[in-house]
Amino acid sequence: MQRRLSHALIFTVDLAAMIRFYTDAFGLAAQGTADAGFVLMRANSGADVALHQVPPHVAQEIAMESPAKWRDESALKLCFEVDDLGAQRQLILGHGGQAQEPWSWEGADYCECADPEGNVVQIYTRKA
């Protein structure tokens with residue numbers, strides 16, 4: 001039996017803003033579905049990211065701040081391996097995300113970031 005991670009799903013308040021962020025900051029390509037509130041963000045390699053707009057009655061209960069409060073109490077975090085940590089960090093900052101200072105551990109450089117809705121995203125690059 002084969003198993004492969006297909007995608008990670010993020011529930012979102014502002015679907016259009018999140019599509020722009022993951023397209024512009026990570027180069028993912030939006031692929032619409034029969035449900036206008038559900039978009040697959042296709043990756044060139046690895047698993048995709050799916051964005052699902054929460055219903056309006058749920059969205060009104062979510063307080064969105066600017067900048068967004070980090071959702072670091074969540075049990076999940078998206079992690080992207082990148083070629084150039086500094087350049088990727090700048091893309092994230094330039095497209096509405098947030099980023100902490102980079103750090104190193106066990107042969108790799110890491111940076112904790114957040115998308116426009118505060119979902120934590122980690123970027124890392126392995127040292128040569």
Side-chain angles (χ1 to χ4, degrees):
M1 176 184 303
Q2 290 186 327
R3 292 174 182 87
R4 180 182 78 80
L5 179 62
S6 168
H7 60 269
L9 188 138
I10 300 173
F11 289 101
T12 178
V13 173
D14 187 342
L15 182 62
M18 293 287 276
I19 290 170
R20 279 191 308 276
F21 175 77
Y22 283 98
T23 298
D24 296 342
F26 286 97
L28 302 181
Q31 178 181 335
T33 68
D35 178 348
F38 183 82
V39 175
L40 281 171
M41 301 301 298
R42 306 304 296 224
N44 289 334
S45 62
D48 300 326
V49 174
L51 302 174
H52 193 298
Q53 186 159 11
V54 297
H57 73 279
V58 174
Q60 71 186 15
E61 299 296 321
I62 300 172
M64 293 306 301
E65 301 169 10
S66 182
K69 179 182 180 291
W70 284 49
R71 295 181 177 172
D72 50 5
E73 73 283 353
S74 174
L76 299 174
K77 169 174 31 179
L78 298 179
C79 300
F80 290 87
E81 183 173 6
V82 300
D83 293 333
D84 184 334
L85 190 81
Q88 184 62 51
R89 184 176 183 273
Q90 287 307 120
L91 281 171
I92 290 168
L93 291 170
H95 293 289
Q98 302 172 62
Q100 296 177 355
E101 290 300 316
W103 52 280
S104 297
W105 182 69
E106 292 196 358
D109 293 326
Y110 296 84
C111 187
E112 300 298 312
C113 304
D115 69 21
E117 293 194 4
N119 299 296
V120 179
V121 177
Q122 182 182 81
I123 56 174
Y124 72 96
T125 187
R126 297 175 201 270
K127 293 180 183 177

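In this chain, residues are counted from 1 in sequence order. The structure presented is a predicted model; accordingly, all values stated were derived computationally and were not measured.
Under 3.5 Å, the side chains of E112 and Q100 contain no donor-acceptor pair of N or O atoms. The closest side-chain donor-acceptor pair between T12 and E117 falls under 3.5 angstrom. Residues S104 and D109 bring a donor and an acceptor atom of their side chains to less than 3.5 Å of each other.
Annotation for P116 and A68: closest pair O-CB, 3.2 Å, computed over non-hydrogen atoms. When all heavy atoms are compared, the tightest approach of L9 to F38 is CD1-CE1, 3.5 Å. Here the closest non-hydrogen pair linking A30 and V39 is CB-CG1, 3.9 Å. Among all heavy-atom pairs drawn from T125 and V82, the shortest one is OG1-O, 3.0 Å. For the pair H57 and Q60, the tightest heavy-atom approach, listed with the atom from each and the gap, is O-CG, 3.3 Å.
Residues V121 and Y22 have side chains in contact (heavy-atom distance under 4.5 Å, counting atoms from C-beta outward). No side-chain heavy atom of F80 sits under 4.5 Å from any side-chain heavy atom of Q122. Here the side chains of F26 and V49 are not in contact, with every heavy-atom distance at 4.5 Å or above. Side-chain atoms of C79 and K77, non-hydrogen and from C-beta on, do get closer than 4.5 Å to each other. Within the 4.5 Å cutoff, the side chain of F11 has no heavy atoms near those of the N119 side chain.
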Derivation and outcome, side chain to side chain contact (heavy atoms under 4.5 Å, CB included), residues D48 and M41: CA-CA 6 Å; D48 300 326; M41 301 301 298; 5.9 Å; no
Go through the steps to decide whether Y110 and L85 satisfy the test side chain to side chain contact (heavy atoms under 4.5 Å, CB included), and finish with yes or no. CA-CA 8 Å; Y110 296 84; L85 190 81; 5.9 Å; no
Using salt bridge (charged side-chain N to carboxylate O under 4.0 Å, His left out), reason through E101 and R89 one step at a time and then give a plain yes or no. CA-CA 9 Å; E101 290 300 316; R89 184 176 183 273; 3.4 Å; yes
What verdict does the side chain to side chain contact (heavy atoms under 4.5 Å, CB included) test give for V120 and C113, after you've listed the backbone C-alpha separation in whole Å, the side-chain angles of each residue and the deciding distance to 0.1 Å? CA-CA 6 Å; V120 179; C113 304; over 6 Å; no
Pair L40, H7 - check side chain to side chain contact (heavy atoms under 4.5 Å, CB included), show working. CA-CA 8 Å; L40 281 171; H7 60 269; 4.2 Å; yes
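Between the side chain of R42 and the main chain of L28, no donor-acceptor pair closer than 3.5 Å is present. A donor-acceptor pair is defined here as one N or O able to donate and one able to accept, closer than 3.5 Å; such a pair exists between the side chain of Q88 and the backbone of A25.
The 12-atom threshold is exceeded at CG of D35, counting heavy atoms of other residues, nucleotides or ligands nearer than 6.0 Å.
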Using a 3.5 Å cut-off and no angle test, enumerate the donor-acceptor pairs between side-chain atoms of residues 14-21 and protein atoms at least two apart in sequence or in another chain.
unit_1 : atom_1 : unit_2 : atom_2 : d
D14    : OD1    : A16    : N      : 3.4
D14    : OD1    : A17    : N      : 3.1

